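Scroll down for the structure; my scribbles are underneath it.
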Amino acid sequence: MAQTPRPDLLRALPQVEEMLQSPEIKALGSLLPRTLLADCVREAIESARRAILADALREVDVRAIADDACACALANLKPSLKRVVNATGIILHTNLGRSVLADEAVHAVEDVARGYSTLEYDTETLSRGSRHDHVERLICALTGSEAAIAVNNNAAAVLMVLAEFAAERKAVVSRGELVEIGGSFRIPDIMALSRAEMVEVGTTNKTHASDYAEAIGPDTAMLLKVHPSNYRIVGFSESVGVTELRRLADEENARRSLSTCDAECSESLLIFEDQGSGALLHLDCFGTYAEPTVAESLKRGCDLVSFSGDKLLGGPQAGIVVGSRRLIDRLKKNPLARALRLDKMTLAALEATLRIYLDPEQALRAIPTLRMLSEPADSVRDRAIRLASALDDALPEGYAQVNVVNETARAGGGSLPLCDIESHAAQITFLRGNAQDCETFLVAKRRVPIVGRIKKEAVLLDARTITDADIPEAASALRAYFDALDVSTETTRALRNDPASRSGIRPNPAKSEATR
Ligand SMILES: *Cc1c(COP(=O)(O)O)cnc(C)c1O
């Protein structure tokens, strides 16, 4: 029979006020606000209460509860959003912040963050300017479009386009393109939010031009094409290209111009492509897998194209829409454009990134996303060798083995989904400790977490996404893991009063000094 929780234990739990007066907690009073300390104390008491109710706590230790509360409070003094070393080999890792900014973009952000700026000030006319102007001309130059607008992200861009041009009207989309994209971006949900009526055509694997043709009516506002991102139907599948959609839209628009119905059907039928990754350069290194560029989509006949700023473009988080002046002007006047507008730091980073593209050769070198995507495998291998050798030097003897192995890197972020990118990694196989514990340590116990992955009981650190500057950090993190391993085994032995604690394996003292 299960024991009933002991009421005497529950009664012995301290009061919040009482705990706030304890010396440990009081000492934090000068560092942290009282409300925050009180929350942490409450949480610590609550977790002790839950432990008692679960019969996992046989004694109320006020000191332990105070320690818990202090640890919770002190965590607030450490940054939560911080730099990590990406050793996953996934270049546009959504969880790790997608694109790394080019130096020029970082400097531009710093400049406008530290001082006042010309965000909405025109220095030619000495009067109010528009924040859109800083990036619009560059985007047009790089995509061949007539006009452009940038907002918070591509999800926002899609929402704004649908709300402006398809609210209370119909938008036709292929069932094969009704996808969910990482971070719960679902086309049907965005449609509903914009009050556009979604008309699904075709089937999951095949949609024909005739499916679109049959769906088009006088209240159809747009044909929507969605880049399926990291989802692909391979094999028995068919979708309709923009060129063909253009033909259908032109036919419909010719009909509309002849008809004498009300204003609604005199609006032209638009083709809008949500392109997602937003390639500005054709990356020849990816051969047939290369994503179409924004310019190509426009040339094929899209009226509007939207894409992300921090995927293949390699800039800050943003969503960009390109198209004719007439259509973009309507977007600029939509209240959503105001609600979803970019801040000065993002604009500065975007402008600086776009400017680098004016010289495509320079873009491949200076924009980290493009550099990582296009770096030759030999050069990645050389860095993997440098990484492995730094790790090996940092290791105490007999604890692990480090090798360089062939690996496959990925573009990530839904870009170039079918593309295996040749890569090389440092592979750590464990003679002491193990891959799972080491992976947890490298992420959870380090000021700069090292994010790699595990494959067959080994930790892999992929050299495609690591820079040379990251190598010392990775080496000292690995060293720290093995040092911590020794401390914990020695403590366990000492607790057991095991004489081996004085004669057991020790870290190589020469090496451990060097890395301290
Ligand atoms: C990534 C992506 C989005 C979402 O873009 P965010 O910039 O993350 O908001 C929308 N559509 C497609 C096709 C995408 O690939």
Side-chain angles (χ1 to χ4, degrees), residues 78-107 109-110 310 314 316 364-395 400-413 421-429 435 438-455 458-484 511 514-516:
K78 294 193 198 137
S80 161
L81 178 58
K82 53 191 175 182
R83 184 172 85 83
V84 306
V85 170
N86 177 6
T88 62
I90 299 167
I91 296 163
L92 298 169
H93 199 304
T94 299
N95 302 150
L96 304 183
R98 287 200 190 149
S99 276
V100 171
L101 294 182
D103 288 344
E104 289 85 340
V106 173
H107 295 145
V109 171
E110 195 173 352
D310 56 353
L364 287 178
R365 281 193 306 269
I367 295 175
T369 296
L370 296 185
R371 188 177 62 225
M372 287 186 249
L373 282 167
S374 63
E375 184 179 13
D378 283 349
S379 156
V380 175
R381 181 154 197 277
D382 290 344
R383 192 165 49 256
I385 292 169
R386 290 193 292 279
L387 170 64
S389 126
L391 295 175
D392 197 43
D393 285 348
L395 277 179
Q401 260 178 10
V402 185
N403 294 302
V404 173
V405 293
N406 295 343
E407 263 306 313
T408 304
R410 297 249 161 224
I421 305 170
E422 188 183 343
S423 193
H424 300 273
Q427 177 201 51
I428 307 153
T429 14
C438 181
E439 183 190 41
T440 305
F441 181 91
L442 294 180
V443 173
K445 302 286 185 215
R446 299 293 294 173
R447 195 177 52 82
V448 179
I450 314 286
V451 189
R453 68 202 149 89
I454 294 183
K455 190 172 172 183
V459 166
L460 291 182
L461 302 181
D462 197 305
R464 190 166 280 275
T465 49
I466 277 191
T467 64
D468 274 292
D470 293 332
I471 291 179
E473 185 68 52
S476 43
L478 187 64
R479 171 78 219 196
Y481 167 66
F482 288 114
D483 286 350
K511 279 186 176 175
T515 52
R516 245 159 227 162

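A quick note: this is a predicted structure, and the numbers were derived from the prediction, not measured. Basis for what follows: all heavy atoms, side chains included, without hydrogens, waters or symmetry-related copies.
Of all non-hydrogen atoms in Ala384 and Val404, the two that sit nearest each other are O-CG2, 3.7 Å. Across every non-hydrogen atom of Ile428 and Ala400, the tightest pair is CG2-CB, 4.0 Å. The minimum heavy-atom distance linking Ser99 with Asp310 is given by the pair OG-O, 3.0 Å. Taking both residues in full, the closest heavy atoms of Gly452 and Leu461 are given as CA-CD2, 4.0 Å, listed atom of the first, atom of the second, then distance.
With contacts defined as side-chain heavy-atom distances shorter than 4.5 Å, the pair Asn86/Val451 does not qualify. Considering only heavy atoms from C-beta on, Ile471 comes within 4.5 Å of Ile466 through its side chain. For the pair Thr465 and Met372, the minimum side-chain heavy-atom distance is below 4.5 Å. Contact of the Ile367 side chain with the Arg365 side chain is not registered, since no non-hydrogen atoms from C-beta on lie closer than 4.5 Å.
No donor-acceptor distance shorter than 3.5 angstrom exists from the side chain of Arg453 to the backbone of Leu460, with no hydrogens or angles considered. In this structure a side-chain-to-backbone donor-acceptor pair under 3.5 Å is missing from Arg410 to Ile90. Panel note: side chain Arg464, backbone Thr408; no donor-acceptor pair is recorded below 3.5 Å. Although no hydrogens or angles enter the test, the distance criterion places no donor-acceptor pair under 3.5 Å between the side chain of Arg381 and the main chain of His424.
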Test side chain to side chain contact (heavy atoms under 4.5 Å, CB included) on Arg446 and Glu473 and set out the steps.
CA-CA 10 Å; Arg446 299 293 294 173; Glu473 185 68 52; 3.7 Å; yes

Assess whether side chain to side chain contact (heavy atoms under 4.5 Å, CB included) is satisfied between Ile421 and Ile91, documenting all intermediate values.
CA-CA 10 Å; Ile421 305 170; Ile91 296 163; 4.3 Å; yes

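Asp470 and Thr467 form a side-chain donor-acceptor contact under 3.5 Å, judged by distance and modelled atom types alone.
Few gaps surround NZ on Lys82; more than 12 heavy atoms of other groups in view lie less than 6.0 Å from it.
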